[in-house]
Amino acid sequence: MPAHWSDLLQAWPVLLFWPAVALSVLAASFGLARKRPTSLLLAAALVSPASAYLAATPRFLAWGLFPICVYLAAAGAVRRDRNSSGAALVAVNAGFFAWLAFMVFN
């Protein structure tokens, strides 16, 4: 196996983590724009492996499940026509991942 394949295999958590997070934020934004809670539920499903990974770390523990809960709460807010509350929750989630990216990559 070439050396670059072994590097790719060692980096698989990063390759699965950040693209799923980015897609979840895009799906949540789409759900807010269309006022459809199903897109927010899709966002929660997309971010669930990353959240499970965070929950397994000693630094986050149960706080790692925070993004899933926030997306579910945003879906409930959109379902009740409280779009500004849903937007605020998605913004908090995006801020959480922005902070996490800053901590990881700096």
Side-chain angles (χ1 to χ4, degrees):
M1 184 178 329
H4 65 280
W5 284 105
S6 63
D7 293 338
L8 185 65
L9 289 175
Q10 290 175 358
W12 74 267
V14 173
L15 294 175
L16 294 178
F17 190 97
W18 292 111
V21 167
L23 283 174
S24 75
V25 172
L26 288 174
S29 300
F30 181 77
L32 288 172
R34 298 283 184 183
K35 298 178 183 175
R36 304 274 187 221
T38 53
S39 295
L40 291 157
L41 295 175
L42 174 65
L46 283 169
V47 82
S48 61
S51 290
Y53 178 79
L54 288 175
T57 63
R59 183 171 182 160
F60 287 100
L61 297 175
W63 287 103
L65 300 175
F66 171 79
I68 296 172
C69 297
V70 169
Y71 279 143
L72 293 177
V78 169
R79 183 170 290 150
R80 290 178 183 84
D81 290 328
R82 296 183 180 149
N83 297 323
S84 59
S85 297
L89 288 167
V90 170
V92 165
N93 222 13
F96 170 73
F97 283 118
W99 170 79
L100 184 63
F102 178 78
M103 296 301 288
V104 168
F105 294 117
N106 282 330

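Residues take their numbers from the sequence shown, with the count starting at 1.
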Phe66 meets the ring pair (Phe, Tyr, Trp, His ring centres under 6.0 Å) criterion, sequence neighbours left out, with Phe96
Please answer: with hydrophobic residues joined when any side-chain heavy atoms are less than 4.5 Å apart, are Phe60 and Val92 in the same cluster?
yes
Listed pairs under 3.5 Å, donor-acceptor, residues 75-87 side chains, sequence neighbours left out:
unit_1: Arg80; atom_1: NH1; unit_2: Gly76; atom_2: O; d: 3.1

Would you tabulate the side-chain donor-acceptor contacts of residues 35-51 under 3.5 Å, counting partners in other chains and residues two or more places apart, or write 'none'?
unit_1: Ser48; atom_1: OG; unit_2: Ala45; atom_2: O; d: 2.8
unit_1: Ser51; atom_1: OG; unit_2: Val47; atom_2: O; d: 3.3
unit_1: Ser51; atom_1: OG; unit_2: Gly64; atom_2: O; d: 3.3

Those residues that, when tested against Ser24, pass side chain to side chain donor-acceptor pair (under 3.5 Å) (two or more places apart):
Tyr71
Under the rule for side-chain contact (heavy atoms from CB on, under 4.5 Å), what residues qualify as partners of Ala101, not counting sequence neighbours?
Trp18, Phe105
Would you call Val104 and Phe17 a side-chain contact if the rule is heavy atoms closer than 4.5 Å?
no
Can you sort out the partners of Phe30 under ring pair (Phe, Tyr, Trp, His ring centres under 6.0 Å), two or more places apart, ordered by chain and number?
none
Give the intermediate values and the outcome of side-chain contact (heavy atoms from CB on, under 4.5 Å) for residues Val90 and Val70.
CA-CA 7 Å; Val90 170; Val70 169; over 6 Å; no
ILVMFWY network linking Tyr53 to Ile68, side-chain heavy atoms under 4.5 angstrom
yes
For residues 86-106, the side-chain hydrogen bond (donor to acceptor under 3.5 Å, both in side chains) pairs (sequence neighbours left out) are none
